[in-house]
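Let me begin by presenting the structure, written as structure tokens, before commenting on it.
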Amino acid sequence: MVPADSRVGSVGAAVHDLTRHLPEPEVLDRCPTCGKDVPWPCRRFYDAAYVVSAAKLRIEDFVPPELHPRLPKPGPRTTPTRPSRAPNEENHRG
């Protein structure tokens with residue numbers, strides 16, 4: 001449980017999306033929530049990561065170490081950096 005008025009609590013929905021869109025351990029290059037044809041990191045992960053970063057939280061604290069090399073690089077941005085849309089990403093299931 002996290003207090004709603006904490007930094008993590010203030011971006012709770014983004015933290016939930018961030019962790020929900022993590023790949024399965026046996027298939028690290030696909031988003032299981034968006035679909036098998038959607039590469040990871042998916043667009044929803046990027047959106048959530050941007051919100052978490054904007055709250056001055058480290059994305060690495062919510063992601064397994066083996067995925068750290070594939071995370072978006074921190075830095076000043078005004079809009080999220082997103083990959084191009086995958087063929088079935090509009091059929092997102094989460």
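Since the structure is predicted, the reported quantities are computational estimates derived from the model, not experimental observations.
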With sequence neighbours excluded, tell me which residues meet salt bridge (Lys or Arg N to Asp or Glu O under 4.0 Å) with Arg70. none
For Asp29, side-chain hydrogen bond (donor to acceptor under 3.5 Å, both in side chains) partners two or more places apart: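 Checked Asp29 against side-chain hydrogen bond (donor to acceptor under 3.5 Å, both in side chains); zero matches.
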Got [X] and [Y] here, is their nearest side-chain heavy-atom distance under 4.5 Å?
X     : Y     : value
Val38 : Arg30 : no
Leu67 : Pro23 : yes
Arg44 : His21 : yes
Phe45 : Leu22 : yes

Test log, rule salt bridge (Lys or Arg N to Asp or Glu O under 4.0 Å), inputs Asp61 and Arg58: CA-CA 6 Å; Asp61 293 338; Arg58 290 172 16 102; 3.3 Å; yes
Show the nearest heavy-atom pair for residues [X] and [Y], with the distance to one decimal.
X     : Y     : value
Glu60 : Leu71 : CG-CD1, 3.8 Å
Pro69 : Glu66 : CD-O, 3.7 Å
Ile59 : Ala49 : CD1-CB, 3.5 Å
Ala48 : Ala14 : CB-O, 3.3 Å

Among residues at least two apart in sequence or on other chains, which ones pass side chain to side chain contact (heavy atoms under 4.5 Å, CB included) with Glu26?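 Applying side chain to side chain contact (heavy atoms under 4.5 Å, CB included) to Glu26 gives Glu24.
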Report the residues that fulfil side chain to side chain contact (heavy atoms under 4.5 Å, CB included) with Val15, sequence neighbours left out, ordered by chain and then residue number. Val8, Val11, Val52, Phe62
Presence of salt bridge, Arg20 and Asp17, under 4.0 angstrom: no
Find the distance between SG (Cys34) and CZ (Arg43) and round it off to the nearest 0.5 Å.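 That separation rounds to 10.5 Å.
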Does one hydrophobic cluster hold both Val27 and Trp40, with members joined at side-chain heavy-atom distances below 4.5 Å?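 No, Val27 does not connect to Trp40 through the hydrophobic network.
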